[in-house]
Amino acid sequence: MDRRESPNSDTVALPLPADIPTPTEVAGDTDAEGTVVWHRKHLRVEDHRGLSEAVGNSDVICPLFVFDPTFYGSEGLACDSRVRFLHQSVTSLARLYAAAPCQAESVGTNGHERTSETRLADYGGSEHEDSTLSSEETGLTVGYGAPAEILARFVDRGWSVLTMATPTSRYGKRRDDRVRTVCGDAVRFVSGDGLVRDRDRTRENWQSRIDDWLTDSQHEPDWGRETTRLTVETGVTPARVDLAFDITPSKRRVPVGTHRKASKQLRSFVDRIGSYPRNISAPQDAREGTSGLSPYLNFGLFSIRQVYQYVAENAPNCRGREMFASRLVWNCHYNQKLVDWPGWTDRAVNPVFEGRNEDNHDPQLIEAWKRGGTGFPMVDASMRCLRETGWLNFRMRAMCASFFAHILKQPWWVGADWYHHHLIDSDVGINYTQWQSQAGLIGKPAQRVYNPRKQVRDHDPDGEWISRWVPELAELPSQYLPRPERTPLEVQENCGVRIGESYPRPVVDFETEREAFWSWYEQQRPLAAEQLGRPEIAKRASFSGGYEAARAIADQYGRPSDDTVATQLSLSDVEGGEPQPGGTDPPTAQRLGGGRTVDGRESPEVVDDTGSVPTGAGRETGEPSPDDRDAVAEVPESADGNAENSESDGSEQTSIDRFD
Ligand SMILES: Cc1cc2nc3c(=O)[nH]c(=O)nc-3n(C[C@H](O)[C@H](O)[C@H](O)COP(=O)(O)OP(=O)(O)OC[C@H]3O[C@@H](n4cnc5c(N)ncnc54)[C@H](O)[C@@H]3O)c2cc1C
């Protein structure tokens, strides 16, 4: 296993068929049923529906994790620091299984030598951060190879396979399809994450479904049934894979992937949840002030529900608790989008915007953005922080994405892939959907454009954050940080910071590019809105307000009906004639409470299901606009009460008035 010569994804290394005993052999009972619990992302033993069902219905279980070579080759977009986090998490999971209170059997690869003992549970998890595991410490079978081929070997030996469904795209989707093909009825993907998969119109009553799921009892394995757990000792361990692929993490301050650390992080966050609302926006406050749970949630060391319920039971009733809970719902909301349309990673959700900025592709601008050399200090500090630590708060992620797409005018997916590579918490369901949203590819009537200079004044007025990440600006008096290029030469001389030499001038003119974007977006808006009126595009966009929300935008902002036919024809050209998923059902009326509608009529009613205060048409369409509540709360209000427009150099987002 060498990273430079990564094995073909069809390679099956371990375990070999001869290593796998049948359930009957393990249990010593001819009627014994055995289930492989295949872990992919939900790396935990609590609130895990697949595991609970397996323990409830089988005599023998075999928890399995497969290291898939594909993720270590060209399709593996993760940086080494995230790979290391995964390896630590798998190790920690193996230790949790080893401590599970069940009869434990293990077979070695050299001739079925069997050991057996009963272990006691210690669900606190281990402190160990290294990925080495002695045979006593592991209760997890670890394979290396193409998952479908490894699972098929278990199926051939009489095992069934249970796994938790996860929102996937690209390779993950192909892998799961292949597993279904190869294993047939022997494999079941169970939905245990609150997302809706069992209906076409997934957004109908979505909020009440998710509320029910969040407050419902957790799935707990009933170990008292005397289930036997089998471990096939394959010789593959996270440490070995780490070594074989020469995983060399270079980031600093990366969280450690163990269940114990995850629990500590959650407990410590609950102690400081009261100050969460005021720590969200400024990047230096957010580092310690938000929960820091995203990598643990992404790899599933906790379920969203476990965190939600722990906070509900242990945190004081305060605004911070409410805001945090709404963000857990956003996690589900964005992941539901990926369930509804796996194309989010590759194509613009609104066909009007397919290919947006591809003609402008400029490797030098992209490089300046990636390395933090754009001449906009807040962007540069954020991009350097991302590369060095693998984390940024929401506002800085959104600002850099907005800057990349609207001001540098570069293809959104290049930026999204860069985030996906560097973020320790990269969750395909959130990262790519957020990118498309920030890059304006959905076609919502109002589109936010962050102003990086305003962000300096609002969130780093003393330059603490900027000095840390852009040390060449540390000596520049802080009043010049929003626009270093306007620093008088005399001041530059005195402080020793030469703009254009030690720090770059802006790579583009912000105001010109923003104006160009606004007028372009204004032109595109009717076309984009009209597309949202098509059921298949509404399904893709997956607004929390469902089809009705998308239809409402189409009705209010789409072209007059006379133009509709011509527009649809030209738009299908834009789409390149690709097949459209979904049917053509007209939207049905939906009651969601609230009573206001986009066009002022009575029903259908739509609701903002996150409890946030969305901007522009978001509020009207039921599409949550993450972070807006905080943006509004934290920007001082101007005399006219319009918080967003209080800056002299223009607002950070297009106002809805601009379009009306
Ligand atoms: C362009 C862009 C890309 C993003 N990519 C990711 C990603 O890959 N993975 C990821 O977890 N978050 C992503 N986010 C959302 C958000 O920035 C992070 O969830 C948050 O910064 C993680 O830190 P935390 O756990 O301390 O957050 P907290 O504020 O403590 O939030 C708690 C949890 O709520 C969820 N959450 C918070 N904000 C959001 C949001 N806006 N949308 C959806 N869920 C949210 C996350 O699971 C998070 O861990 C992205 C945001 C943007 C603008």
Side-chain angles (χ1 to χ4, degrees), residues 167 193-196 202-203 205-216 265-266 269-270 272-282 285-286 289-294 296-298 302-338 393-398 425 427 429-431 433-434 437-438 444 448 542-546 549 592-594 596 606-635 643:
D193 53 7
L195 303 182
V196 181
T202 56
R203 291 296 187 166
N205 300 322
W206 188 84
Q207 183 65 45
S208 64
R209 283 168 155 247
I210 206 82
D211 288 345
D212 288 349
W213 178 77
L214 284 167
T215 48
D216 205 354
Q265 188 71 23
L266 176 56
F269 174 63
V270 164
R272 52 195 164 80
I273 201 164
S275 55
Y276 178 64
R278 62 174 178 277
N279 285 332
I280 280 184
S281 294
D285 297 340
T290 61
S291 71
L293 289 171
S294 49
Y296 300 113
L297 288 168
N298 179 42
F302 280 135
S303 70
I304 299 275
R305 174 161 63 188
Q306 280 180 292
V307 172
Y308 182 93
Q309 294 185 359
Y310 183 86
V311 169
E313 282 160 24
N314 295 284
N317 190 357
C318 60
R319 181 158 171 262
R321 192 175 87 172
E322 259 174 55
M323 283 176 59
F324 179 73
S326 73
R327 279 159 178 75
L328 295 177
V329 176
W330 292 349
N331 180 313
C332 301
H333 166 75
Y334 284 97
N335 271 293
Q336 182 70 55
K337 285 179 188 270
L338 189 63
N393 66 330
F394 174 88
R395 182 169 281 267
M396 295 303 112
R397 291 187 203 201
D425 65 21
D427 180 333
I430 305 176
N431 184 48
T433 51
Q434 276 284 357
S437 175
Q438 300 298 339
K444 287 187 284 185
R448 172 175 286 224
S542 185
F543 290 161
S544 56
L592 291 167
R596 247 167 345 132
V606 288
V607 76
D608 164 27
D609 64 3
T610 64
S612 68
V613 180
T615 56
R619 187 201 325 251
E620 313 294 339
T621 58
E623 174 67 350
S625 302
D627 216 30
D628 287 347
R629 166 183 282 184
D630 319 309
V632 174
E634 287 173 23
V635 177

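Val311 has its side chain within reach of Leu266: a pair of non-hydrogen atoms, C-beta onward, lies under 4.5 Å apart. In this structure the side chain of Thr290 never reaches within 4.5 angstrom of the side chain of Arg327, judged on heavy atoms. You'll find the side chain of Ile273 reaches within 4.5 Å of the side chain of Pro316, heavy atoms only.
Between atom CD1 of residue Ile280 and atom OG of residue Ser275 there is a gap of 10.0 Å, rounded to the nearest 0.5 Å. In this structure, the separation between CG on Asn335 and CD1 on Ile430 is 5.5 Å, given to the nearest 0.5 Å. With rounding to the nearest 0.5 Å, the separation of CH2 in Trp206 from CZ in Phe543 is 14.5 Å. A distance of 9.5 Å separates CG of Asp193 from CZ of Arg305, quoted to the nearest 0.5 Å. Note that CG of Asn431 is 11.0 Å distant from CG of Leu338, once rounded to the nearest 0.5 Å.
With sequence neighbours left out, the side chain to side chain donor-acceptor pair (under 3.5 Å) criterion links Arg321 to no other residue. For Arg272, there are no salt bridge (charged side-chain N to carboxylate O under 4.0 Å, His left out) partners, not counting sequence neighbours. Under the side chain to side chain donor-acceptor pair (under 3.5 Å) criterion, Asp285 pairs with no residue at all, not counting sequence neighbours. Remark: Asn314 engages Val270, Tyr310 in a side-chain contact (heavy atoms from CB on, under 4.5 Å) (not counting sequence neighbours). Looking at residues two or more places apart in sequence or on another chain, you find a ring pair (Phe, Tyr, Trp, His ring centres under 6.0 Å) between Phe324 and Phe269, Tyr276. Listed by chain and residue number, nothing satisfies the side chain to side chain donor-acceptor pair (under 3.5 Å) test with Thr433 (two or more places apart in sequence, or in another chain). Contacts of Asn298 classified as side chain to side chain donor-acceptor pair (under 3.5 Å), with partners at least two apart in sequence or in another chain: Lys41.
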Using the side-chain contact (heavy atoms from CB on, under 4.5 Å) rule, take Leu297 and Asp427 through it: C-alpha gap first, then chi angles, then the decisive distance, then the call. CA-CA 9 Å; Leu297 288 168; Asp427 180 333; over 6 Å; no
Would you sort out whether His333 and Arg203 count as a side-chain contact (heavy atoms from CB on, under 4.5 Å), showing the intermediate values? CA-CA 10 Å; His333 166 75; Arg203 291 296 187 166; 3.2 Å; yes
Under the criterion side-chain contact (heavy atoms from CB on, under 4.5 Å), I'd like the reasoning laid out for Gln336 against Ile210: C-alpha separation, chi angles, the key distance, then a yes or no. CA-CA 11 Å; Gln336 182 70 55; Ile210 206 82; over 6 Å; no
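Pro167 approaches Leu195 most closely through the heavy-atom pair CG-CD1, 3.7 Å. When all heavy atoms of Thr215 and Tyr308 are compared, the pair lying nearest together is CG2-CE2, 4.2 Å. Residues Asn393 and Ser281 come closest through the heavy atom pair ND2-O, 2.9 Å. Counting all heavy atoms, side chain and backbone alike, Asp425 lies closest to Ser294 at OD2-OG, 2.7 Å. Between Gly274 and Cys318, the shortest heavy-atom distance links the atoms CA-SG, 4.2 Å.
In terms of modelled atom types and a separation under 3.5 Å, the side chain of Gln265 and the main chain of Ser291 share a donor-acceptor contact. The backbone N or O of Asp216 lies less than 3.5 Å from a partner atom in the side chain of Gln309, making a donor-acceptor pair.
Applying side chain to side chain contact (heavy atoms under 4.5 Å, CB included) to Arg209 and the options Val196, Leu214, Thr202 leaves one that passes, Val196.
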